[in-house]
Chemist: 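So that we are looking at the same thing, I have put the structure below in structure tokens.
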Amino acid sequence: FQKRKDIFKMVNVAILGYGTVGNGTAQVLTGNLENLEKRLGQRINIKYILDLREFPDDPLGDRVIHDFKIIENDPDVSIVAEMLGGAHPAYDFSAAALRAGKSVVTSNKEVVEKFGDELLRLAEENHVRYRFEASVGGGIPVISPLMHSIVTSNKVTEINAILNGTTNYILSRMGKENIDYETALKDAQKLGYAEANPSADVDGFDACRKICILAAIAFGKLIPMEKVKTRGIRDITPEHIKSAERNGSRIRLIGRAVLLDSGKIHLEVAPYAVKNENPLSGVDDVFNAILIHGNYSDDIMLYGKGAGKFPTASAVVSDIADIIARGNSFAPDEALNFNRAPEAYEEKLPEKLIKETAAVLGNPVFES
Ligand code: HSE
């Protein structure tokens, strides 16, 4: 039963960045408002939209402002949704919002990978929350289940994942339709999947950021992406694709995180010829999938749209709803597992694990 006093409470949200995901978030919040308010027992209002541009024809055009200080200094804003992209000023605004006692949600994987440990600490100190469901796997709920369910009941030992929608779209279209790489990339850009600079997608850096974030939650150690051996799909040719097919596999860009017996962590991003028996090989187009091995749960696979306006926006809104439902106050299990530990990185996989990987997942397309 809802308490009557809660029904009339108003939660004011500020959106930072009115690009694809920012606009999607505003649309999901408004389109789903009745359902959200009914479930959460509170009113939700988008009070500000911060962007450099004006949007005179947008239904929320009157909320657009250009000065972040207005948001920072407005005590009525309790949640800031950061969808600016890029490290700065996204990090600076997020830190300022947390210091001002506002919870922050983000889709910005660059900020989470670079500053997530610091921002989570700031959230803890200021008794607010920093949430980043949309930073990995687009519309797939993965951060929350991993953080709140899987790691609490299991020791996670391995994650194998398709974490970039653009490259998966390119690889599956190259495989199915025999089209070339450039055409597939252009289509991915048109559909709003690709990063502003497609190198982040095709050279594997976007997938690398995401596997670093997942590994930080799973193993409690945040390995900076600069350490991680990363190879993208630029050099994949139609011949590679055909040869994989002949051998009963499909090429997929895989992010891997393995907890070694030594306690060190092996991370890598590389194209693998994934065996058709492995569920990751059937993941097509913009879909992502994260296969997590827990010592009690065994394999868990989370699957869904890894990029795109509305899937990503739905993840942002799920974080906003979680804060409204469970409170602005910091939950201890949200930061305990996010400690920067570059020294924990191990580039080489032991021979035994290379053999196991070949049997279960497949082989990397390129020799290392
Ligand atoms: N460019 C990213 C992708 C967007 O293609 O997966 C989602 O993070």
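Only heavy atoms go into these numbers, but all of them, side chains included; no hydrogens, no water, no symmetry mates. Counting starts at 1 for both ligands and their atoms, in listed order.
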Chemist: Donor-acceptor check, side chain of Thr106 to backbone of Glu82, threshold 3.5 angstrom: yes or no?
Modeler: yes
Chemist: Establish, yes or no, whether the cationic atom of Arg53 lies under 6.0 Å from the six-membered ring centre of Tyr18 and within 45° of the ring axis.
Modeler: no
Chemist: Could you list which atoms of ligand 1 come closer than 4.0 Å to a heavy atom of Asp201?
Modeler: 1 (N), 2 (C), 3 (C), 5 (O)
Chemist: Hey, are Glu177 and Arg173 close enough for a salt bridge, meaning a charged N less than 4.0 Å from a carboxylate O?
Modeler: yes
Chemist: Answer yes or no: is there a side-chain heavy-atom contact under 4.5 Å between Ile217 and His148?
Modeler: no
Chemist: Suppose we measure from atom 8 (O) of ligand 1 to each protein heavy atom; which comes out shortest, and what is that distance?
Modeler: Lys109 NZ, 2.6 Å
Chemist: Please report which non-hydrogen protein atom sits nearest to atom 6 (O) of ligand 1, along with the residue it belongs to and the distance in Å to one decimal place.
Modeler: Gly165 N, 2.7 Å
Chemist: Record the part of Asp206 in heavy-atom contact with ligand 1 below 4.0 Å; permitted values are side chain, backbone, both and neither.
Modeler: side chain
Chemist: Hey, what do you get for CD1 (Ile251) to CD1 (Ile170), rounding to the nearest 0.5 Å?
Modeler: 13.5 Å
Chemist: Measure up the Tyr345 and His266 rings against each other and bin them: parallel (under 30°), tilted (30 to 60°), perpendicular (over 60°).
Modeler: parallel
Chemist: Determine the minimum heavy-atom distance between Ala194 and Gln189, stating which atoms define it.
Modeler: CB-CG, 3.5 Å
Chemist: What is the closest protein heavy atom to atom 2 (C) of ligand 1, and at what distance does it sit?
Modeler: Glu195 OE2, 3.2 Å
Chemist: Does Gly138 come within less than 4.0 angstrom of ligand 1, counting non-hydrogen atoms of the residue?
Modeler: no
Chemist: Under 4.0 Å from a heavy atom of Tyr193: which atoms of ligand 1 are those, numbered in the order shown and with their elements?
Modeler: 1 (N), 2 (C), 3 (C), 4 (C), 5 (O)
Chemist: Going by the atom numbers of ligand 1, which of them fall below 4.0 Å from some non-hydrogen atom of Gly306?
Modeler: 6 (O), 7 (C)
Chemist: Where the closest heavy atom to atom 5 (O) of ligand 1 is concerned, which of Thr166, Thr20, Thr312 has it?
Modeler: Thr166
